[in-house]
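These notes concern the structure reproduced below.
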Amino acid sequence: MAAEMAGDLSSLLTTATAHKLNKYDSLRGCRFTRGQFWDVVVLTASDEKQAECYKHQLEVKRKRREFPLGVSFHVFADPPGPKIGDGGSVLFTLSELDKLYGKQLESKHILLILAGGYSQRLPSATVLGKLFMALPMGERAYEMLDLKLAMYMEFPLWFGPGVFVSCSDDIEVYDASQMTMPGANGIVALAHPSPLHVGTMHGVYVLNGDTGIQMCRRFLHKPTIEEMHLAGAVLQDLTSNPDEFVYTDSVYHISPTTSKSLKTLYEQLKPLDCEVDAYGDFLQGLGTEFDLVDTKFTKNTSKLSDRVIQVKKHILCCLKGTPLHVLPLDRSKFYHLGTLQEYLHHFTRDDNFRKELDIVSNSFSSSKPDRVSQSSCVIHSLVDGSVKTGSVVEYSILGPEVVVGENCVISGISLNGRAIIPNNTFLHTVSVSKNERSAFVTVFLGISDDVKKSASSLQEFSSLMMLGRAMSFNLQIWNLDLTDDLFNNPECGRSLWNARLFPMCETMELSAATSLKMVAAVCEGKKFDICIDCEHLSLADVLQRKDDKMMLAHRKQLVEAVGPKVA
């Protein structure tokens with residue numbers, strides 16, 4: 001019965017999503033009437049370098065008429081200095097928008113997408129950003145940004161003027177054919193029915209269990225299952241959902257009045273010198289049953305200090321009394337594409353996801369059907385070789401003797417000779433600057449490797465895992481010394497993110513081939529001596545020295561060779 005109901009929901013969502021996509025496609029390159037679409041779309045960025053990269057990609061898409069005409073796009077980089085988190089980005093953005101639009105801001109429909117950060121858990125999106133990663137959606141040449149614009153098309157009319165907040169790596173599919181417009185002040189959040197284990201990783205709304213928009217009793221930030229039960233967040237509807245579930249967070253709308261309160265809050269906190277969470281810190285203090293005494297500040301906080309606690313308490317006090325309305329979307333699903341594992345699972349194994357978004361195995365690519373598994377995805381690529389089950393290949397050129405193993409992510413790679421890419425391998429070629437010229441670095445990892453995990457000592461780092469082996473083994477295989485010279489910034493911790501492991505080469509082909517030899521050496525346990533004159537970069541170095549224009553030029557060539565024809 002549960003499987004049958006899940007199938008019915010997936011079919012419903014497939015139809016609803018297709019309707020949204022068709023409606024959005026009809027607007028691309030055309031003018032829209034007021035309220036039919038967003039007046040302003042804002043992307044946040046971690047720094048100016050990332051902001052410039054986003055602006056360049058937006059301009060490319062604008063010239064191709066991939067957006068509805070008349071939308072104003074802005075990219076705001078976080079201020080220099082300490083990290084301010086996605087909540088800090090929201091506060092800073094509201095302040096910048098006020099400078100640009102003043103009183104007009106109260107009548108604007110604004111979509112704010114939190115796109116800062118370096119996608120460390122999805123390294124193929126580190127350089128160009130998750131919002132610009134390609135989606136293999138049938139006949140549509142979509143990137144994540146296009147999908148978000150399509151899926152949120154109904155919201156300007158629903159919510160009216162204000163700021164709608166979303167993240168760059170989630171997808172909400174929903175059927176709202178029988179929904180009414182919320183029309184509420186304060187903050188209006190959308191909620192999705194989720195299993196209890198999902199609630200432990202998200203925000204959970206404590207509701208009365210009624211249908212339709214309602215006042216939230218409490219917001220629980222990444223609660224335990226016991227905390228959900230004690231707060232009354234756990235629900236069960238035997239007619240449609242025989243299992244226990246909770247309503248989890250995703251996106252929310254801020255009314256003009258509440259936007260003013262947040263702008264005032266930012267002025268009081270300037271200069272903001274610690275991370276603020278756009279969900280935990282903003283929503284945790286709302287709800288009719290909120291109690292400051294019971295509030296926990298330790299969750300999702302990397303560095304807890306008196307200053308951090310002071311800022312968080314100030315936010316809660318300033319937002320106290322702000323209405324938090326929640327609109328449960330019972331016919332909806334929330335998908336997250338923030339890690340390599342999630343990326344592979346949804347694109348290659350999640351049949352419902354593939355159905356609902358029309359995910360296909362061959363998206364604007366040249367490949368041989370008998371050599372590419374149907375449960376893989378090849379996107380904007382020229383593939384003469386074979387691609388095995390559960391792998392994704394994007395923006396790559398693979399010769400006839402190249403074999404991509406199972407459960408791999410291959411991005412921006414050029415390989416023409418005989419090559420076998422082992423199962424569970426990540427390969428991503430990045431253009432970087434070298435003495436005012438372009439060079440190439442191919443980053444390699446195991447799909448399950450944790451690049452963010454930091455070691456406090458060299459000995460601790462030697463036990464970290466990469467490609468299924470301890471780093472002490474890998475460094476011996478590659479004849480690299482384990483000293484602090486291996487890291488670009490050992491004071492910030494020793495991790496796979498800042499370890500200088502990846503050789504820089506003059507051509508794309510040589511870069512991919514060299515890195516693949518390093519992977520093969522680890523798998524086979526055979527030593528591979530890297531040229532001592534070859535400079536090695538870390539992922540952190542790659543991000544600082546990226547040549548995004550060269551990468552986009554490579555992608556443009558592939559799109560023109562095998563992709564859709566654009567104006």
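Nothing here was measured: the structure is a model prediction, and the numbers come from that model.
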Exercise for the section: Could you please spell out the steps behind the side-chain hydrogen bond (donor to acceptor under 3.5 Å, both in side chains) verdict for Tyr118 and Asp47? Expected result: CA-CA 10 Å; Tyr118 300 122; Asp47 52 39; 2.6 Å; yes
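- With sequence neighbours excluded, the residues satisfying salt bridge (Lys or Arg N to Asp or Glu O under 4.0 Å) with Lys434 are Glu506.
- Under the 3.5 Å distance criterion, with hydrogens and angles disregarded, no donor-acceptor pair is assigned to the side chains of Asn498 and Ser538.
- Side-chain polar atoms of Asn424 and Asn407 form a donor-acceptor pair below 3.5 angstrom.
- Looking at Glu59 and Lys55, no side-chain N of the basic residue comes within less than 4.0 Å of a carboxylate O on the acidic one, giving no salt bridge.
- Using a 4.0 Å cut-off between a side-chain N of Lys or Arg and a carboxylate O of Asp or Glu, Arg494 and Asp484 qualify as a salt bridge.
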Handout entry: Thr348/Ser391 under side chain to side chain contact (heavy atoms under 4.5 Å, CB included): CA gap, chis, key distance, verdict
Key = CA-CA 7 Å; Thr348 68; Ser391 291; over 6 Å; no
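- A perpendicular orientation is assigned to the rings of His202 and Phe334, their planes being inclined by more than 60° (bins at 30° and 60°).
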Practice task
Dump the intermediate steps for side chain to side chain contact (heavy atoms under 4.5 Å, CB included) on Cys408 and Phe426, then the final yes or no.
Solution key: CA-CA 6 Å; Cys408 294; Phe426 169 82; over 6 Å; no
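- The two atoms that bring Val90 and Ala278 nearest to each other are CG2-CB, 4.2 Å, heavy atoms only.
- Ionic pairing of Asp146 and Arg140 is not present here: no N-O contact between side-chain nitrogen and carboxylate oxygen is shorter than 4.0 angstrom.
- Nearest heavy atom pair, residue Val522 against residue Phe473, reads O-CE2, 3.8 Å.
- Phe461 is listed as a side-chain neighbour of Leu496, based on a closest heavy-atom distance under 4.5 Å.
- Considering all non-hydrogen atoms of both residues, Gly88 and Leu272 come closest at CA-CD2, 3.7 Å.
- Asp350 meets the salt bridge (Lys or Arg N to Asp or Glu O under 4.0 Å) test with no other residue; sequence neighbours excluded.
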